[in-house]
Amino acid sequence: MRVALMVTCINDALYPGTGQAVVTLLRRLGVDVEFPESQTCCAQPMVNTGYLDEAVPVVRNFVDTFAGYDAVVTPSGSCAGCARHQHSIVARRSGDTGLQAAVAETSPRVHELSEFLVDVLGVTDVGAYYPHTVTYHPTCHSLRMLGVGDRPLQLLEKVRGLTLLELPAADQCCGFGGTFALKNADTSVAMGVDKARHVTDTGAEVLTAGDNSCLTHIGGLLTRDRSGVRSVHLAEILAATA
């Protein structure tokens, strides 16, 4: 199986350890993962703010970069959701039948990390060891757009040493929402405060999720409150062995 890592913009710029963790994890499971260096943004910021025409060259670069791979794995439900669902909207609007065909070929092969592990590789025990109390936040795109469901929980439950604590009101949005946090800052912060309170109520040492964007938002509020709770991406927990 020929597999590519789509690392995402936020991980490339702020959290390179998450991308490295994905590679470490997949190689441990016998997957020969490649990193195509021509990859750029998935186009989600443009699509979500209405710049669909401007997103066309970005989507074209995406399908060109990841053409020929059996699977494209990304540590982001948000970016996977864009590739799987929003790229087709951009391609149809462009009127470019070649782009539409390329998107139809590539998009179904894009998988959020937990989907790839559970559905494609068929594993839930990835050989991880992480001796901490952890609570999991299901990010909106993974929950609603991708339907990732309990796959991350299946993986976390098999991590040795990990105690998984249920997050109250887990299905509620954390308030980040990309540009929503900029355009509606007060509402975004209020939602984030509610989410951070639920996290601290669990008594967990660590908050995890499949998107570093949401973890940045919630984690910032947890840090401001000096809660002592750390934010750690799911991939980094699953890659840990000691």
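Computation of the quantities below employed the complete heavy-atom set of this structure, encompassing side-chain atoms and omitting hydrogens, waters and symmetry-equivalent molecules.
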Q: Please identify each residue that fulfils ring pair (Phe, Tyr, Trp, His ring centres under 6.0 Å) with His233, with sequence neighbours left out.
A: none
Q | Shortest non-hydrogen contact from Leu121 toward Leu117 | A | CB-O, 3.4 Å
**Q.** Hydrophobic cluster membership, Val232 vs Leu207, 4.5 Å side-chain cutoff
**A.** no
Q.
Going by the rule side-chain hydrogen bond (donor to acceptor under 3.5 Å, both in side chains), which residues pair with Thr133 if we only count those two or more places apart in sequence or in a different chain?
A. Glu205
(Q) Please check: side-chain N/O of His87 versus main-chain N/O of Cys42, any donor-acceptor pairing under 3.5 Å? (A) yes
**Q.** Nearest non-hydrogen partners of Thr65 and Ser38, listed with the distance
**A.** OG1-OG, 2.9 Å
Q: Report the residues that fulfil side-chain contact (heavy atoms from CB on, under 4.5 Å) with Ala55, sequence neighbours left out, ordered by chain and then residue number.
A: Ala43, Met46, Val47, Val90
Q) Which distance, rounded to the nearest 0.5 Å, do you find between the OG1 of Thr208 and the CG of Leu156? A) 6.0 Å
Q: Decide side chain to side chain contact (heavy atoms under 4.5 Å, CB included) for Tyr69 and Arg109; before the verdict, give the C-alpha distance in whole Å, the side-chain angles of both, and the deciding distance to 0.1 Å.
A: CA-CA 8 Å; Tyr69 286 98; Arg109 299 178 183 178; over 6 Å; no
Q.
Just to verify, what does Tyr15 make a ring pair (Phe, Tyr, Trp, His ring centres under 6.0 Å) with, not counting sequence neighbours?
A. none
Q | Which atom of Gly210 lies closest to which atom of Thr139, heavy atoms considered | A | N-CG2, 4.5 Å
Q: Report yes if the side chains of Val58 and Tyr51 come closer than 4.5 Å at any heavy-atom pair, otherwise no.
A: no
**Q.** Heavy-atom pair with the smallest gap, counting every atom of Leu146 and Gly77
**A.** CD1-O, 3.5 Å
Q: Would you check if Thr200 and Leu222 make a side-chain contact, meaning some heavy-atom pair closer than 4.5 Å?
A: yes
(Q) With side chain to side chain contact (heavy atoms under 4.5 Å, CB included) as the criterion, how do His141 and Asp211 come out once you've worked through the C-alpha distance, each side chain's angles and the decisive distance to 0.1 Å? (A) CA-CA 9 Å; His141 280 91; Asp211 282 89; 5.7 Å; no
Q.
Distance alone, cut at 3.5 Å: any donor-acceptor contact between the side chains of Gln39 and Asp12?
A. no
Q) Does any pair with a residue in residues 53-73 pass salt bridge (Lys or Arg N to Asp or Glu O under 4.0 Å), and if so which ones, sequence neighbours excluded? A) Asp53-Arg93, Arg60-Asp96
Q: For a side chain to side chain contact (heavy atoms under 4.5 Å, CB included) with Leu25, tell me which candidate from Val22, Leu29, Val23 qualifies.
A: Leu29
Q.
Restricting to side-chain contact (heavy atoms from CB on, under 4.5 Å), what partner residues turn up for Val120, sequence neighbours left out?
A. Met1, His111, Phe116
Q: Taking Asn11 for its side chain and Val7 for its backbone only, find out whether a donor-acceptor pair lies under 3.5 Å.
A: yes
Q. What pairs with Ile89 under side-chain contact (heavy atoms from CB on, under 4.5 Å), at least two apart in sequence or on another chain?
A. Leu52, Arg92
Q: Dump the intermediate steps for side chain to side chain contact (heavy atoms under 4.5 Å, CB included) on Cys79 and Met6, then the final yes or no.
A: CA-CA 9 Å; Cys79 296; Met6 178 176 74; 3.8 Å; yes
Please set out all donor-acceptor pairs under 3.5 angstrom arising from side-chain atoms of residues 164-186, sequence neighbours excluded.
none

(Q) Hydrophobic clustering (ILVMFWY, side-chain heavy atoms < 4.5 Å, transitive) - are Leu234 and Val126 grouped together? (A) yes
Q | Summary of salt bridge (Lys or Arg N to Asp or Glu O under 4.0 Å) pairs that have at least one residue in residues 29-47, sequence neighbours excluded | A | Arg2-Glu34
Q.
How close do Pro152 and Gly149 get, counting heavy atoms only, and between which atoms?
A. CD-O, 3.6 Å
**Q.** For Asp119, all residues meeting side-chain contact (heavy atoms from CB on, under 4.5 Å), sequence neighbours excluded
**A.** Glu115, Arg151
**Q.** Joint cluster assignment, Leu221 & Tyr136, ILVMFWY side-chain distance < 4.5 Å
**A.** no
Q) So if you build clusters from Ile, Leu, Val, Met, Phe, Trp, Tyr with side-chain heavy-atom gaps below 4.5 Å, do Ile237 and Val229 land together? A) no
Q.
Within the 3.5 Å criterion, strictly below it, is a donor on Ser78 or Gln44 matched to an acceptor on the partner's side chain?
A. yes
Q: Treating Ile, Leu, Val, Met, Phe, Trp and Tyr as nodes and any side-chain heavy-atom pair under 4.5 angstrom as an edge, say whether Val59 and Val56 lie in one connected cluster.
A: yes
Q) What are the two closest heavy atoms between Leu5 and Gly19, and how far apart are they? A) CD2-O, 3.8 Å
(Q) Looking at Ser142 and Pro138, would you say the former's side chain and the latter's main chain have a donor-acceptor pair under 3.5 Å? (A) no
Q.
Does Leu143 form a side chain to side chain contact (heavy atoms under 4.5 Å, CB included) with Val148? I'd like the steps, not just the answer.
A. CA-CA 6 Å; Leu143 184 67; Val148 165; over 6 Å; no
(Q) With a 3.5 Å distance limit and no angle check, can you tell me whether Ser107 reaches the backbone of Ala104 through a side-chain donor-acceptor pair? (A) no
Q) Taking the side chain from Thr202 and the backbone from Val199, do they hold a donor-acceptor pair closer than 3.5 Å? A) yes
Q.
Taking atom CZ as the centre, does Phe35 end up with more than 12 heavy-atom neighbours from other residues, nucleotides or ligands that are less than 6.0 angstrom away?
A. yes
Q) Applying side chain to side chain donor-acceptor pair (under 3.5 Å), which residue pairs with at least one partner in residues 120-131 are found, sequence neighbours left out? A) Thr124-Lys158
Q) Is it true that the side chains of Ser76 and Thr8 contain a donor and an acceptor less than 3.5 Å apart? A) no
Q: Return each pair, listed once, that meets salt bridge (Lys or Arg N to Asp or Glu O under 4.0 Å) where at least one residue sits in residues 224-237; pairs must be two or more places apart or across chains.
A: none
